[in-house]
Amino acid sequence: MTADDTWGLEERFWLEGPSFYENHLDPECLMAFPGMGVMRAGEILESLRDAPRWASVDMADRTVGRPCDTLVVLGYRAMGYREGANPYRALCTSTYRSDGVGWKLVQHQQTPSG
């Protein structure tokens, strides 16, 4: 997977809905969100059912780590936009794992940034 492919997946996790998550989320995925805590894959999918999606997201200060051929780690500053709301700013990390067929998200974390 190229860096562009990875960033494309990351953007789609911000913008797309449950069906994308069902196809690209590892069953053992953990996500940490401010005010929500740590969530497992099933909880993540359930939380998306009625949640508004982001209209757009900007990712700045992009950093990629590649500890081995089957893992890609992303770090970046995100600014997410939803209609009628102030922009959401966060420092984010995500980890993707190759399962031999495709790439699955195994970890995502957001820390609010002013």
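Side-chain atoms of His108 and Cys29, non-hydrogen and from C-beta on, never get closer than 4.5 Å to each other. The side-chain heavy atoms of Arg77 and Ser113, taken from C-beta on, include a pair separated by under 4.5 Å. Considering only heavy atoms from C-beta on, Cys68 stays 4.5 Å or farther from Arg66 through its side chain. In this structure the side chain of Pro34 never reaches within 4.5 angstrom of the side chain of Thr111, judged on heavy atoms. Counting heavy atoms from C-beta outward, Glu11 and Val57 have side chains that approach closer than 4.5 Å. No side-chain heavy atom of Tyr96 sits under 4.5 Å from any side-chain heavy atom of Val73.
Using a 4.0 Å cut-off between charged side-chain N and carboxylate O, Arg49 and Glu22 make a salt bridge.
Of the possible polar contacts, one joining the Lys104 side chain to the Asn23 backbone as a donor-acceptor pair under 3.5 Å is found. Arg12 places no side-chain N or O within 3.5 Å of a backbone atom of Leu15 that could act as its donor or acceptor partner. Here the side chain of Arg82 pairs a donor or acceptor atom with the backbone of Pro52 at under 3.5 angstrom. Here the side chain of Arg53 pairs a donor or acceptor atom with the backbone of Trp14 at under 3.5 angstrom.
The OG atom of Ser47 sits 3.5 Å away from atom CE of Met39, with the distance rounded to the nearest 0.5 Å. A distance of 4.5 Å separates CZ of Phe20 from NE2 of His24, quoted to the nearest 0.5 Å. Put simply, CH2 on Trp103 and OG on Ser98 are 5.0 Å apart, with the number rounded to the nearest 0.5 Å. Note that the CH2 atom of Trp54 and the OH atom of Tyr88 stand 6.5 Å from one another [nearest 0.5 Å]. For the atom pair CD1 of Ile44 and CG of Leu30, the computed distance is 7.0 Å after rounding to the nearest 0.5 Å. Atom SG of Cys92 and atom CZ of Phe33 lie 8.5 Å apart (nearest 0.5 Å).
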Under the criterion side chain to side chain contact (heavy atoms under 4.5 Å, CB included), I'd like the reasoning laid out for Met31 against Leu105: C-alpha separation, chi angles, the key distance, then a yes or no. CA-CA 10 Å; Met31 292 188 177; Leu105 181 66; 3.4 Å; yes
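In this structure, the side-chain contact (heavy atoms from CB on, under 4.5 Å) partners of Glu28, at least two apart in sequence or on a different chain, are Asp26, Arg40.
Here the options are Leu71, Val72, Leu74, the test is side-chain contact (heavy atoms from CB on, under 4.5 Å), and the partner is Thr95; only Leu71 passes.
Note on ring orientation: taking the six-membered ring where Trp is involved, the planes of Phe13 and Tyr21 are perpendicular (angle over 60°, cut-offs 30° and 60°).
Between Pro18 and Leu45, the shortest heavy-atom distance links the atoms O-CD2, 4.2 Å.
For the pair Arg62 and Trp7, the cation sits on the ring face: its NZ or CZ lies under 6.0 Å from the ring centre, inside 45° of the axis.
For Ser94 and Gln107, the side-chain atoms include no donor-acceptor pair closer than 3.5 Å. Counted by atom type alone, Glu10 and Tyr76 present one or more donor-acceptor pairs between their side chains at under 3.5 Å.
In Asn86, the CG atom is not crowded: 12 or fewer heavy atoms of neighbouring residues, nucleotides or ligands sit closer than 6.0 Å.
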